[in-house]
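Beneath this line is the structure, given in structure tokens, with notes to follow.
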Amino acid sequence: MTRIVAGSAKGRTLVVPKSGTRPTSERVREALFSRLDHMKVLDGAAVLDLYAGTGALGLEALSRGSSHATLVERAGAAARVASANVRTTGLCARVVTADARAFLAARRGDELAGENDLVFVDPPYNIAEGDMTAVLAALGPWIGPDALVVVERSTRAPAPSWPSFLVLEDQRTWGETVAYFAGPPLPEDEGAASAGGATEMPVRSIKGGGKR
């Protein structure tokens with residue numbers, strides 16, 4: 001059984017397709033969102049959930065205070081299940097039935113001029129590395145300068161190849177799952193020198209006043 005772990009929709013059961021999806025386990029979701037809560041990136045965030053499946057990641061973010069979410073899922077059956085989960089939870093999300101790569105390619109424009117503050121990329125574990133790289137490269141016009149991109153992969157898969165507008169900030173491993181946390185580079189002049197001449201790592205502002 002898959003449920004919302006915390007927040008306004010805590011305990012709501014999510015429908016899961018009989019086959020064709022790989023929902024993030026409740027244990028991993030709880031650990032992942034504990035990290036995101038600590039980073040203070042959820043409150044008021046606009047969320048883009050690629051390879052959404054049941055919509056569990058996007059809906060969990062909404063339950064914990066994000067403002068709205070777009071759930072992108074290619075498989076028609078899974079997209080219908082995600083739509084049912086949106087209705088059941090009453091959270092502010094729209095479901096788009098589309099291939100993630102094609103969905104992203106529909107927007108052209110300047111990098112880091114987009115509206116999304118938090119992006120989940122949770123593809124099938126057998127995704128081709130070329131497709132994984134292309135999806136990350138196509139995120140530029142969809143995210144803002146303070147966005148966070150979370151990529152979930154198998155521990156047996158290679159690390160993602162990051163485009164120039166994303167820098168790996170952290171990674172965490174839970175069982176067979178590894179999550180990568182990346183964001184746009186921070187300006188060098190945001191670092192403040194601390195006593196003793198050491199450089200303090202800059203923090204990144206997120207819509208809604210959070211920091212990470």
Side-chain angles (χ1 to χ4, degrees), residues 4-7 24 28-53 55-72 91-94 100-101 103-104 107 109-123 127 132-153 157 159-174 177-188 190-191 200-212:
I4 298 292
V5 175
T24 301
V28 170
R29 205 157 17 97
E30 186 170 12
L32 171 62
F33 278 90
S34 177
R35 178 61 181 151
L36 294 176
D37 279 331
H38 177 75
M39 298 172 81
K40 302 187 186 303
V41 299
L42 293 170
D43 190 28
V47 178
L48 177 60
D49 186 359
L50 302 174
Y51 307 96
L57 292 178
L59 294 175
E60 186 76 40
L62 291 172
S63 180
R64 294 173 184 248
S66 294
S67 62
H68 60 276
T70 300
L71 314 178
V72 181
L91 297 168
C92 184
R94 70 182 181 110
R101 189 170 174 179
F103 173 83
L104 295 176
R107 178 180 294 187
D110 294 336
E111 293 175 355
L112 310 183
E115 71 280 9
N116 291 293
D117 306 301
L118 177 60
V119 180
F120 294 109
V121 184
D122 185 16
I127 186 175
M132 180 83 257
T133 299
V135 164
L136 294 175
L139 282 174
W142 292 87
I143 62 174
D146 299 317
L148 180 69
V149 176
V150 181
V151 177
E152 186 178 316
R153 304 213 68 187
S161 296
W162 302 105
S164 61
F165 57 84
L166 289 176
V167 174
L168 180 65
E169 298 181 359
D170 192 13
Q171 71 181 70
R172 299 295 171 100
T173 301
W174 301 290
T177 300
V178 57
Y180 300 91
F181 303 81
L186 288 163
E188 292 180 0
E190 286 190 27
E200 182 181 333
M201 288 300 291
V203 294
R204 188 188 304 279
S205 296
I206 295 294
K207 185 185 296 183
K211 303 263 187 202
R212 82 174 189 271

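Worth saying up front: this structure is predicted, and the values here are computed from it rather than measured.
Ser66 places a side-chain N or O within donor-acceptor distance of the main-chain N or O of Ala61, the cut-off being under 3.5 Å. The main-chain N or O of Ala45 is never found under 3.5 Å from a side-chain atom of Asp117 such that the two would form a donor-acceptor pair.
Below 30°, between 30° and 60°, or above 60°: for Trp162 and Tyr180 the angle between ring planes is above 60°, a perpendicular geometry.
Every residue two or more places apart in sequence or in another chain that forms a side-chain contact (heavy atoms from CB on, under 4.5 Å) with Ala6 is listed here: Glu60, Arg64. Partners of Ser63 under the side chain to side chain donor-acceptor pair (under 3.5 Å) rule, at least two apart in sequence or in another chain, do not exist in this structure.
Arg107 and Gly114 make their closest contact through NH1-CA, 4.3 Å (heavy atoms, listed as atom of the first residue, atom of the second, distance). Annotation for Gly44 and Ser67: closest pair O-OG, 3.4 Å, computed over non-hydrogen atoms. Scanning all heavy atoms of the two residues, the minimum distance from Val72 to Ala100 falls at CG1-CA, 4.2 Å. The two residues Gly109 and Pro141 have their closest heavy-atom pair at O-CG, 3.9 Å.
Taken from CG in Asp146 to CG in Leu118, the straight-line distance is 12.5 Å, to the nearest 0.5 Å. Expressed to the nearest 0.5 Å, how far CG of Leu91 lies from CG of Leu62 amounts to 5.5 Å. The structure places NZ of Lys40 at 8.5 Å from CG of Asp37, a figure rounded to the nearest 0.5 Å. Interatomic distance, Leu71 CG to Leu48 CG, rounded to the nearest 0.5 Å: 9.0 Å. The CD atom of Glu30 sits 11.0 Å away from the CH2 atom of Trp174 when rounded to the nearest 0.5 Å. The distance from the CG atom of Leu50 to the CG atom of Asp122 is 10.0 Å, given to the nearest 0.5 Å.
Side-chain contact between Phe181 and Val149 is absent, with no heavy-atom pair separated by less than 4.5 Å.
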